[in-house]
Protein chains: 2
Amino acid sequence: MEKIEIILSQETKSNLKKFKKGETIQFPKSTNTHAFYIKKGLARSFIIDGTGKEHIYMFAPEGWIIGDIEAIGYDQATELFIDCLEDSEVIIFNKDGLFNERLDQKQLIENVSLLTRRVGRLQRRVLMLMGSPAADRYKYFLEIYPDLINRVPQKMIASYLGIAPQTLSTIRSQMARP
Amino acid sequence: MEKIEIILSQETKSNLKKFKKGETIQFPKSTNTHAFYIKKGLARSFIIDGTGKEHIYMFAPEGWIIGDIEAIGYDQATELFIDCLEDSEVIIFNKDGLFNERLDQKQLIENVSLLTRRVGRLQRRVLMLMGSPAADRYKYFLEIYPDLINRVPQKMIASYLGIAPQTLSTIRSQMARP
DNA sequence: TCTATGCATTCATCTAGATGAAGAAATGAT
DNA sequence: ATCATTTCTTCATCTAGATGAATGCATAGA
């Protein structure tokens, strides 16, 4: 959940792929899950729950990494869809890009730092989901991700916040004029 | 959110402290935030929201690390309380224990791995909070943390799940005889 | 042992946010 | 430019879960 700098080795650089807006990068149930560095464009990850509803887990604009870290960390099949909201260039890498014996100290420190900040963002997200009303969560979203507001449709922001699109619409009109 | 093995250097080993049940390890507003390795006992972290309500962010039984990773990662003052639910032995360390130039490759790989699994658990938590009803969240809690059920009062489990204690009580009685 | 304080259960009521429907506005394709 | 599709807004209604109160159970301290 944080703009990061990753040190890409030559071998990972070769795994660059292009995707059109709307194309899906990863479907659920796939094993040997990958992570994706968004070089250009915008992607999102989401689940479809038992009642068929979409829930957006995160957005990834250029410079971010997106992937099912749960599946990667625990060697499970992924449940996340990942697709592109804009035409995108994506570098695909696997668990080894995060930690293996060939990575040097500098790269590892960078990765620890990246993951620490991501845990921090997730901590905030959990606390907000539990303790704050929808209007406050939206205001926090505006602070943290000001660039996304004009790139992502409102119904997707609502999905990210865990509320219905109608509720977000109401919140916005209440914020505009009281 | 995962039982982990950390490689404790000699210098961190000296920072062992003992706390009685009910004692607070960390108050909000403190800067230069630390992380805490629970060697023995049980701790929890929580916030108090704008309306005075407690929300438990996580539990840490022996072998776990607990701390305000958001505050550590972004050099902010912490908002989290951390206190002990049992008499505990705690090793206190700071950001440097996670990543600095003196840590060797093996330790760093261990830390990346630890953080990856914690991100995984948090991912699951976020997805559950957004997409699953309270009863399902409780069932998942029982699966993942079976040891905590007998060590933590129900009202705290409810707080962790983001529901009222009465709601958890109702869910439990419905699960018992449907 | 008795008493107190906190914990769990059950019920009756309330509310934030969900759902559904219908029109207006925006976006996209031909 | 025109038509079709998707998105946004507004309203009326519904529901999962919150809140508050009453009762019975524990655990803790003297």
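Proteins get letters first, then strands, A, B, ... in listed order; numbering begins at 1 in each. Only a predicted model underlies this, so the values are computations on that prediction, with no experimental measurement involved.
Separating the CG atom of B:Leu168 from the C1' atom of D:dT19 is a distance of 16 Å, rounded to the nearest angstrom. Protein atom CD of B:Glu54 is 13 Å distant from nucleotide atom P of C:dG6, rounded to whole Å. Rounded to a whole Å, the CD atom of A:Gln174 is 12 Å from the C1' atom of C:dG17. For the pair A:Arg172 CZ and D:dT10 P, the computed distance is 10 Å after rounding to whole Å. To the nearest angstrom, P of C:dT27 lies 15 Å from CG of A:Leu85. Atom P of nucleotide C:dA8 and atom CD1 of B:Ile157 are separated by 9 Å, given to the nearest angstrom. Rounded to whole Å, atom C1' of C:dA18 lies 16 Å from atom NZ of A:Lys155. Rounded to an integer number of Å, the gap from A:Gln154 CD to C:dA25 P is 15 Å.
Minimum atom distance to the side chain of B:Ala134 is reached by D:dG17, of the listed D:dG17, C:dG28, C:dA18. For A:Ser169, whose side chain is taken as the heavy atoms from C-beta onward, the closest listed nucleotide among C:dG17, D:dT9, C:dA8 is D:dT9. The nucleotide whose nearest atom lies closest to any side-chain atom of A:Lys53 is, among C:dG17, C:dT19, D:dA18, C:dT19.
Note: A:Trp64 and A:Tyr145 have tilted aromatic rings, judged against thresholds of 30 and 60 degrees for the angle between ring planes.
A:Lys39 and A:Glu62 are not joined by a salt bridge, as no carboxylate oxygen comes within less than 4.0 angstrom of a charged side-chain nitrogen.
Projected onto DNA chain C by closest heavy-atom contact, B:Pro153 and A:Ala164 fall at different nucleotides, the more 5' of which corresponds to B:Pro153.
Cluster annotation: B:Leu122 and A:Ile72 are assigned to distinct hydrophobic clusters (Ile/Leu/Val/Met/Phe/Trp/Tyr, side-chain heavy-atom contacts under 4.5 Å, transitive). Follow the hydrophobic side-chain contacts under 4.5 Å out from A:Leu42 and you reach A:Leu161 in the same cluster.
Donor-acceptor pairing under 3.5 Å, judged by distance alone, is present between the side chain of A:Gln166 and the base of C:dG20.
Heavy atoms of B:Pro165 sit nowhere under 4.0 angstrom from any nucleic acid atom. Among the atoms of the strands shown, only primed sugar atoms or phosphate atoms (P, OP1, OP2) are found under 4.0 Å from some heavy atom of A:Lys21.
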### Task
Before giving the answer on ring-ring contact (aromatic ring centres under 6.0 Å, His included), spell out for B:Phe93 and B:Tyr37 the whole-Å C-alpha distance, their side-chain angles and the decisive distance to 0.1 Å.
CA-CA 8 Å; B:Phe93 62 97; B:Tyr37 174 79; 7.7 Å; no
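Proximity of B:Ser173 to the phosphate of C:dT10: a side-chain N or O atom is located under 4.0 Å from OP1 or OP2.
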